[in-house]
**Student:** 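Attaching a single structure in structure tokens format; questions to follow.
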Amino acid sequence: MSTQSSKDLLNSFKLTGKTAMVTGAGKGIGRACAELLAEAGAKVIAVARTAADLEVLEQTFPNQIETWVNDVTKDAFLARVAGLDTLDILVNNVGTNKPQPFLDVDSDVLDMLLNINVRSAFLTAQAAARVMVKQGSGSIIHMSSQMGHVGAKNRTVYCTTKHAIEGLTKSMAVELSALGVRTNSVAPTFIETALTKPMFEDEGFTKDTMSRLPIGRVGQVNEVAAAVLFLASDASSMITGDSLKVDGGWTAV
């Protein structure tokens, strides 16, 4: 049995020489993840549907971040992933939500969330894992949610999709770990982004949300990115099939 020095352990957080892909990298959590992985030394492929959303990343990290304007639900994106020579890290971050009461959920919303949150995540992970298995190493991080561990009113479809991601994470870990590929998830609570800002303009929603957060505040994108960096790095080399909750204690109540 070998032991690491403190210097070696600190170095294990660095991603120098590694290639990472972050989907949904144009805004919010995805952008924060792409930036932090690049700062840790990785060459990052940042994927989003809108070129304008990727411009800041490209300008800030001109030598480290490569941008792909792709829709992750399309075959063209999957083919592009399959064509990579190497891929060490996947942050499978694309996802969406449209809250509706269970009795009012329409089939279009159901199909949309299943397609984006589950089907595209599954196929993206599969394409990335095929590259990683060939090289004998890799770390896949699914962006889940605290709603992948609990239920919530008006979020039955979203909860369904995120529980599916947690199941996918565990099953992939069981199957791929022996092939050198680790799979984990990060499960955030409500994070302060442009997407969630309108929600917190509702006093009732804000009061209810804060009452469920023992830490007393909503999360920040950099706090989610830090969890992703840990799982992407060799510092988490013994961790697979797990979910790292960045939920301020929501699921502990």
Side-chain angles (χ1 to χ4, degrees), residues 9 12-13 22 24 27-37 40 89 91-102 113 117-118 121 139-173 182-233 235-253:
L9 187 57
S12 70
F13 283 90
V22 181
K27 298 175 181 176
I29 291 172
R31 177 179 289 184
C33 290
E35 290 174 341
L36 188 58
L37 295 183
I89 299 152
V91 183
N92 211 2
N93 175 64
V94 168
T96 190
N97 189 21
K98 187 173 182 180
Q100 289 181 324
F102 174 68
L113 265 67
N117 292 6
V118 181
S139 176
I140 294 174
I141 301 127
H142 295 296
M143 192 58 66
S144 181
S145 167
Q146 65 188 16
M147 299 304 175
H149 298 272
V150 296
K153 176 173 74 171
N154 297 331
R155 285 175 166 77
T156 52
V157 183
Y158 186 74
C159 288
T160 296
T161 65
K162 292 305 181 179
H163 277 261
I165 290 300
E166 293 298 338
L168 175 62
T169 298
K170 291 178 172 63
S171 297
M172 285 178 61
R182 296 185 298 112
T183 311
N184 293 286
S185 71
V186 170
T189 186
F190 289 97
I191 303 298
E192 188 176 335
T193 66
L195 188 65
T196 61
K197 184 179 178 181
M199 299 180 189
F200 288 101
E201 292 172 356
D202 181 326
E203 285 188 23
F205 175 84
T206 300
K207 183 178 179 180
D208 179 69
T209 298
M210 299 308 295
S211 72
R212 298 173 188 272
L213 286 166
I215 206 166
R217 62 177 178 82
V218 297
Q220 302 298 312
V221 292
N222 63 301
E223 293 174 310
V224 183
V228 167
L229 172 60
F230 170 61
L231 292 175
S233 75
S236 62
S237 58
M238 191 58 182
I239 302 175
T240 191
D242 208 352
S243 180
L244 180 47
K245 300 171 190 170
V246 187
D247 72 346
W250 184 295
T251 60
V253 177

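Start at 1 with the first residue, then count along the sequence.
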**Student:** Kindly check if the number of other-residue, nucleotide or ligand heavy atoms within 6.0 Å of NZ (K170) is above 12?
**Tutor:** yes

**Student:** Do other residues, nucleotides or ligands put more than 12 heavy atoms under 6.0 Å from L195 CG?
**Tutor:** no

**Student:** Quick check: closest heavy atoms across S237 and R182, and the distance to 0.1 Å?
**Tutor:** O-CD, 3.5 Å

**Student:** Looking at residues at least two apart in the chain, or sitting in another chain, which of them share a side-chain contact (heavy atoms from CB on, under 4.5 Å) with L213?
**Tutor:** T189, T209, M210, V218, W250

**Student:** For N92 and A121, work out which heavy atoms get closest and say how close.
**Tutor:** ND2-O, 2.8 Å

**Student:** So, T161 side chain and V118 main chain: donor-acceptor pair closer than 3.5 Å or not?
**Tutor:** no

**Student:** Nearest heavy-atom pair of G28 and T193: which atoms, and what distance?
**Tutor:** CA-CG2, 4.3 Å

**Student:** H163 side chain to Y158 main-chain N or O, any donor-acceptor pair under 3.5 Å?
**Tutor:** no

**Student:** From L37 CG over to I141 CD1, what is the distance, rounded to the nearest 0.5 angstrom?
**Tutor:** 7.5 Å

**Student:** How about E201: does its CD atom have over 12 heavy atoms from other parts shown lying under 6.0 Å from it?
**Tutor:** yes

**Student:** To the nearest 0.5 Å, tell me how far T169 OG1 sits from K162 NZ.
**Tutor:** 9.5 Å

**Student:** For residues 95-102, run the donor-acceptor check on the side chains, cut-off 3.5 Å, and write out each pair with its distance to 0.1 Å, sequence neighbours left out.
**Tutor:**
unit_1: Q100; atom_1: OE1; unit_2: D106; atom_2: N; d: 3.4
unit_1: Q100; atom_1: NE2; unit_2: D106; atom_2: OD2; d: 3.2

**Student:** What distance separates H142 NE2 from S243 OG, expressed to the nearest 0.5 Å?
**Tutor:** 11.0 Å

**Student:** Kindly say whether G241 contributes a backbone atom to a donor-acceptor pair with the side chain of N184 at under 3.5 angstrom?
**Tutor:** yes

**Student:** Does a side-chain heavy-atom distance below 4.5 Å link V246 with V186?
**Tutor:** yes

**Student:** Could you tell me whether the side chain of N93 and the main chain of V22 form a donor-acceptor pair under 3.5 Å?
**Tutor:** no

**Student:** Do E166 and S144 have side-chain N/O donor and acceptor atoms under 3.5 Å apart?
**Tutor:** yes

**Student:** When rounded to the nearest 0.5 angstrom, what distance separates NZ in K153 from CZ in R155?
**Tutor:** 10.0 Å

**Student:** If you look at every heavy atom in C159 and A152, which pair is closest and at what distance?
**Tutor:** SG-N, 3.7 Å

**Student:** State, with a plain yes or no, whether a side-chain heavy atom of V228 is found less than 4.5 Å away from one of L36.
**Tutor:** no

**Student:** Which pairs pass side-chain hydrogen bond (donor to acceptor under 3.5 Å, both in side chains) with one or both residues in residues 213-228, sequence neighbours excluded?
**Tutor:** E192-Q220, R217-E223

**Student:** Between V224 and M143, is any pair of side-chain heavy atoms under 4.5 Å apart?
**Tutor:** yes

**Student:** Using modelled atom types only, decide if a donor and an acceptor are shared between the side chain of T206 and the backbone of F200 within a distance under 3.5 Å.
**Tutor:** yes

**Student:** Atom OG1 of T183 and atom CE of M172: how far apart are they, to the nearest 0.5 Å?
**Tutor:** 4.0 Å

**Student:** OG1 of T251 to NZ of K245: how many Å apart, nearest 0.5 Å?
**Tutor:** 3.5 Å

**Student:** Is there a donor-acceptor contact under 3.5 Å from the side chain of S233 to the main chain of F230?
**Tutor:** yes

